[in-house]
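Each residue takes its place number in the sequence, starting with 1. Just so it is clear, the values below take in all heavy atoms, side chains as well, and ignore hydrogens, waters and symmetry mates.
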Amino acid sequence: MSIKKQFIVAPKWIYTANKNQDLLENAAVLVADNVIKKIISTTEINQYEVDSVYHLNDSILIPGMINNHTHAGMSFLKGYADSQPLDKWLNDYIWPAEKKYLNRDLVLDASMLSSIEMIASGVTTFNDMYFYPESTAEAIKITGQRANIGLLVMDLQTSYATDPASYLERGFEFRDNFRDEHLITTSLAPHAPYSVSNESFQLINTYAEQLNLTIHCHLHETQWEIKESLEKYNLRPISRLNELGLLSPNFIAVHCVHLDSVDLEILNAQKVNIVLCPKSNLKLGSGIYNKSLIDNAEGYVTLGTDSSASNNRLDILDELKIFALLQRSQGVEEYINHKNLIDLVTINAAKSLNLDHKIGSIEEGKAADLTVINLADVFTEPVYDPITTLIYSSGRDQVTHVWVNGRLLLKDKCFTNVDVESIQKKIKIWQSKIM
C-alpha cells in the first residue's frame, strides 16, 4: 500500500475543526500528494509505506491558521509610528512615508518579512490588501505560503496608481499574471468608505459580481469615519454601502468597532463576514468590538492582525487570546466555546474567503495545510484541556511544524526553504533609508 510523496503526522491531539468539531487522541493524519488522504489510528501507522512519520508527542495538530486581514508590505514600518491615534498615525506618518519610499522592491522585501513571521506563528493563509500585489505574490512564491491578495482601489493618487481606473487596471493585470498560481486567490479591495467614492464602489461591485470575487474593505474603524460619512452622505458607512448594494456574504468587513443597532441589523441580515483586529484597534485607540457581535462569532466573525505598523506582531494566536479576553471585559454572560474560538481562525475564515472546500479543517480531500503546537513546554504544562491550553497558555514560540499544501515550511521551528538572515539584512537597509 504505497503512495508517492506520502507522510504521516502523529501528534498527541488533533483538532479537526470539522462540522462535529472533533478533538482526537491516538490518531494520525495521512497525507499523500499534498492532500489529506485520511485520518488513521496510531495503531495503523506501520501499515503504510511512507516517506516520513512525524511523531510529535505532547503536541496538538490543528488546521493551518488564517490571518484574515493583513497589509504584508507594511512590515518595513513596524515601530515607525507607535503611540499615535489612527488619524495622526495615517496622515502624519504612514501616508507620508509610503509616498516617499514605497516601491515594488520594498513591498517584496517587506512581504517576505511578514510571510516568514506568519509562518513561524502557525499561519498558512493570509488575506492581504496593499499596493504592488505582484510583489506580495512573488514573496509568497518563495516562502510557500497561501494568500488571498486584494486588488486595492482608492480615489487617492499614490505612487502606485492615479485614480480608481488605474488601480483596477493594475490589479487585473496582476490577477491575469498570477492566475495559474494555485496558492494565490484574489479579492477586490476598496480601501475604506472615506477613500472610495460611490461611483468607484458601484464599479467594484459590478466587477465582483461578474468575476465572482469577494470584496475586502475597512469599515467602521473609527468614530471619525462615521462622522465624516454622516456629513458627506447623510448616512453611516454601513447604511451607505448597503444602499449601494455591496453588502452580502461575499463582503469582508474589517474592524467594525463602532456599531449601533441598525448597523448590526444590516450586517446580520446581509450575512456580512466581519474581521476583528482587536490588538490594532487597541493600539491605535480606535476602541473594542461591540459585544453584540459575539452572537455571530460562530458564523461570520473571524480575526486578523492588521499590519505590523499598527500591531507590531503578526501573531494570530495572540489576537485570538486578546479577543477571548476582551469579551469578558464587556459583561458577556456566556463565553464563546473554546472550539468555536479556534474555528474563528480556521474554518470560519476559510468560509469567508470561499476556500472552505479546500482549507480550514482537517478532513479527507482537503489540502494539507497543517500547524503543530507543542504543549509540552514548561510554560504550558500542566495540560488539562489541549484547546484551552493552546488559546490561553501557548504562543507562537510553541509552533514547531507548518505545512502548506503538503509542503513542510517549518520543521522544529526552523525554516526549510528561506534564508531568514538575508531577509533581515534587506530590511535593515530599508530602515536606514527611512531613518
Candidate pair Tyr132 and Phe174, rule ring-ring contact (aromatic ring centres under 6.0 Å, His included), full reasoning: CA-CA 9 Å; Tyr132 301 100; Phe174 150 72; over 10 Å; no
With a 4.5 Å cut-off on side-chain heavy atoms, are Thr143 and Leu409 touching? no
Could you go through the side-chain hydrogen bond (donor to acceptor under 3.5 Å, both in side chains) check for Glu319 and Thr305 one step at a time? CA-CA 7 Å; Glu319 214 71 35; Thr305 60; 5.5 Å; no
Quick check: does any side chain N or O of Ser135 sit under 3.5 Å from a backbone N or O of Arg104, one acting as donor and the other as acceptor? yes
Donor-acceptor pair, distance only, cut-off 3.5 Å: does the side chain of Glu44 make one with the backbone of Ser41? yes
Between Asp51 (side chain only) and Gln6 (backbone N and O only), is there a donor and an acceptor less than 3.5 Å apart? yes
More than 12 heavy atoms of other groups within 6.0 Å of Lys426 NZ: no
Taking ring pair (Phe, Tyr, Trp, His ring centres under 6.0 Å) as the criterion, tell me which of His220, His69, His216 meets it with His255. His69
Does any part of the side chain of Thr70, heavy atoms only, come nearer than 4.5 Å to the side chain of Asp306, both counted from C-beta? no
Candidate pair His338 and Tyr335, rule ring-ring contact (aromatic ring centres under 6.0 Å, His included), full reasoning: CA-CA 9 Å; His338 53 281; Tyr335 302 148; over 10 Å; no
Passes side-chain hydrogen bond (donor to acceptor under 3.5 Å, both in side chains), Asn26 versus Lys12? Steps please. CA-CA 7 Å; Asn26 302 314; Lys12 183 169 184 178; over 6 Å; no
Answer yes or no: is there a side-chain heavy-atom contact under 4.5 Å between Val372 and Val402? no
Tell me whether the NZ or CZ atom of Arg146 lies within the 45° cone about the ring axis of Phe126 and under 6.0 Å from its centre. no
Between Ser187 and Thr214: side-chain donor-acceptor atoms closer than 3.5 Å: yes
Using a strict 4.0 Å threshold on nitrogen-to-oxygen distance, state whether Glu117 and Lys78 make a salt bridge. yes
For the residue pair Thr380 and Ser393, confirm or rule out a side-chain donor-acceptor distance under 3.5 Å. no
Do Arg396 side-chain atoms and Ala120 backbone N/O form a donor-acceptor pair below 3.5 Å? no
Enclosure of Tyr392 OH (heavy-atom neighbours >12, cutoff 6.0 Å): yes
Only one of Tyr130, Tyr160, Tyr93 forms a side chain to side chain donor-acceptor pair (under 3.5 Å) with Glu98, so which one is it? Tyr130
Is Asp343 close to Tyr15 at the side-chain level, that is, under 4.5 Å between some pair of heavy atoms? yes
Side chains of Ser352 and Asn273: is there a donor and an acceptor less than 3.5 Å apart? no
Check: Tyr167/Thr158 side-chain N/O donor and acceptor closer than 3.5 Å: yes
Name the orientation class of the two ring planes belonging to Trp403 and Phe7 (parallel below 30°, tilted from 30 to 60°, perpendicular beyond 60°). parallel
Compare all side-chain heavy atoms of Thr371 with those of Val399 and state whether any distance is below 4.5 angstrom. yes
Asp109 side chain to Leu106 main-chain N or O, any donor-acceptor pair under 3.5 Å? no
Is it true that the side chains of Asn340 and Gln21 contain a donor and an acceptor less than 3.5 Å apart? yes
Atom CD of Glu421 with >12 non-hydrogen neighbours under 6.0 angstrom: no
With distance as the sole test, does Asn290 use its side chain to make a donor-acceptor pair with the main-chain N or O of Leu259 at under 3.5 Å? yes
Is the side chain of Thr389 donor-acceptor paired with the backbone N or O of Pro386 at a distance under 3.5 Å, no angle test? no
Could you please spell out the steps behind the ring-ring contact (aromatic ring centres under 6.0 Å, His included) verdict for Tyr101 and Phe76? CA-CA 10 Å; Tyr101 299 107; Phe76 72 101; 7.8 Å; no
Any heavy-atom pair between the side chains of Val254 and Val275 that's under 4.5 Å? yes
side-chain hydrogen bond (donor to acceptor under 3.5 Å, both in side chains) between Asn374 and His401: does it pass, once the steps are laid out? CA-CA 9 Å; Asn374 176 25; His401 293 70; over 6 Å; no
Would Asp176 and Arg179 pass as an ion pair if we require N to O under 4.0 Å? yes
Donor-acceptor pair, distance only, cut-off 3.5 Å: does the side chain of Gln327 make one with the backbone of Ala324? yes
Using atom types as modelled and distance alone, determine if a side-chain donor or acceptor of Lys366 lies under 3.5 Å from a backbone N or O of Gly360. no
Quick one, Ile316 with Leu303, criterion side-chain contact (heavy atoms from CB on, under 4.5 Å). Give me CA distance, side-chain angles, the key distance, then yes/no. CA-CA 8 Å; Ile316 202 67; Leu303 299 178; 4.2 Å; yes
Can you find a pair of side-chain heavy atoms, one from Asp22 and one from Ile14, that are under 4.5 Å apart? no
Distance-only, no hydrogens or angles: does the His258 side chain make a donor-acceptor pair with backbone N or O of Thr222 under 3.5 Å? no
For Lys99, does the NZ atom have more than 12 heavy-atom neighbours from other residues, nucleotides or ligands under 6.0 Å away? no
Polar contact flag, side-chain donor to acceptor under 3.5 angstrom, Thr400-Asp412: no
Dump the intermediate steps for side-chain hydrogen bond (donor to acceptor under 3.5 Å, both in side chains) on Ser111 and Thr136, then the final yes or no. CA-CA 5 Å; Ser111 295; Thr136 301; 3.0 Å; yes
Report the C-alpha separation of Leu61 and Leu370 in whole Å, then their side-chain angles, then the decisive distance to 0.1 Å, and conclude whether the side-chain contact (heavy atoms from CB on, under 4.5 Å) test is met. CA-CA 7 Å; Leu61 176 70; Leu370 305 168; 3.8 Å; yes
Can you tell me if Asn148 and Asn127 form a side-chain donor-acceptor pair at under 3.5 Å? yes
Got Trp430 and Leu77 here, is their nearest side-chain heavy-atom distance under 4.5 Å? no
Positive for side-chain contact (heavy atoms from CB on, under 4.5 Å) with Val383, one of Leu375, Asp377, Thr388: Leu375
